[in-house]
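Encoded as structure tokens, the structure appears first; notes follow it.
Numbering of ligands and ligand atoms starts at 1, following listing order. Keep in mind the model is a prediction, meaning the values are calculated, not measured.
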Amino acid sequence: MSEPIRLAVPNKGRLQDPASALLGQAGLVYEKTERALSVPVRNVALELLFVRTEDVCEMVADGAAHLGITGLDLLAESGASLEVAAELAFGTCRLTAAVPNASPVEDLAGLAGLRVATAHPRITSAFFADKGVPVTTIALRGSVEVAPKLDLADAIVDLVSSGSTMKVNGLRPVATILESQAVLVTASAEPSQETAQVITMLRAVVAARRKRYLLMNAPRSALDAIEAIIPGFDAPSIVPLAHDPTMVAVHSVVDADEVWQILPRLKVAGASGILVLPIEQLIP
Ligand code: AMP
């Protein structure tokens, strides 16, 4: 039997729970124990390696894992030349340059000559060099946001999602350096067939989360109006209702974000018995 595909996943931190939710929705069955670093998947030839989020890229780069789930920011910071096989649409955040509220700095150029503390020194140095703004990068491991208070730095570059942590620490954003989210990484743009299958299945979950399955009954005469309401109404299934030849059932897939807009208008157009269902996996 061939070796199982090894997928490195975060064993703690912010990406741990959403990553395991993704694996669960993909239909992978495994038993994670507190200590186990490597866990076989019961129903697929796949082995999960539970590692620190920041070690995932290295594991994939040196061949210990075929695939990995980590943050795009950590991929950029690692400097490893890996491929992004899928954007996973969780762990979304921005790597942001920020200054204390009282600072006179208003924009990126204003940071010239200042000290910038960050846990992302590689990205930060490359970004400011590219912009032609000379700064002194101070590499810290954590608690970056307290660096200005301790007079270790004049500004910081740190990850922000809601912005509340920065606010609490009296910091004001001045520029976005990188938009990040969790990604599936692989070492090769042309992975093996087995690795490609895992990529396809995880992509199918991500694609499905953005979509909803829409079912409704409608008078046949309302089909044009319904067509005008549902975006991308190119391949719906129209099924005649057995007991009433003037009525049809319409099945369609729509963007989850659009459901709120669409539903009331479908009702006005004559649709009834409208059902909105989640989709587990979707392969276009
Ligand atoms: P961890 O340090 O293990 O909790 O994971 C940090 C990773 O989670 C980062 O590298 C980002 O990819 C992601 N992330 C998402 N939002 C945030 C945030 N507000 N602060 C820090 N990391 C975030």
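- Taking only nitrogen or oxygen atoms, main chain and side chain alike, E54 does not reach within less than 3.5 Å of ligand 1.
- Neither the backbone nor the side chain of D158 comes within 4.0 Å of ligand 1, counting heavy atoms alone.
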Would you please test K149 and N169 for side-chain hydrogen bond (donor to acceptor under 3.5 Å, both in side chains) and show each step? CA-CA 9 Å; K149 270 193 209 129; N169 284 288; 3.3 Å; yes

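- Ranking protein heavy atoms by distance to atom 16 (N) of ligand 1, first place goes to C93 CB, 3.4 Å.
- One finds a salt bridge joining E31 and R42 here, because a Lys/Arg side-chain nitrogen approaches an Asp/Glu carboxylate oxygen to under 4.0 Å.
- Heavy-atom contacts of G71 reach the following atoms of ligand 1: 12 (O) (cutoff under 4.0 Å).
- What sits closest to atom 4 (O) of ligand 1 on the protein, heavy atoms only, is R14 N, 2.9 Å.
- At least one heavy atom of G91 sits closer than 4.0 Å to an atom of ligand 1.
- Annotation: E58, atom CD; neighbour count of heavy atoms from other residues, nucleotides and ligands within 6.0 Å does not exceed 12.
- Between the side chains of T137 and S125, at least one donor N or O sits under 3.5 Å from an acceptor N or O.
- Clustering ILVMFWY residues whenever any of their side-chain heavy atoms sit less than 4.5 angstrom apart, transitively, puts F127 in the very cluster that holds V174.
- In terms of protein heavy-atom proximity, atom 10 (O) of ligand 1 is closest to D73 OD2, 2.7 Å.
- By the 4.0 Å N-to-carboxylate-O rule, D255 lies close enough to K211 to be salt-bridged with it.
- Within the 4.0 angstrom cut-off, atom 12 (O) of ligand 1 has one or more protein heavy-atom neighbours.
- Counting only heavy atoms of the protein, atom 19 (N) of ligand 1 lies nearest to S161 OG, 2.7 Å.
- The salt bridge (Lys or Arg N to Asp or Glu O under 4.0 Å) search around D244 returns none, not counting sequence neighbours.
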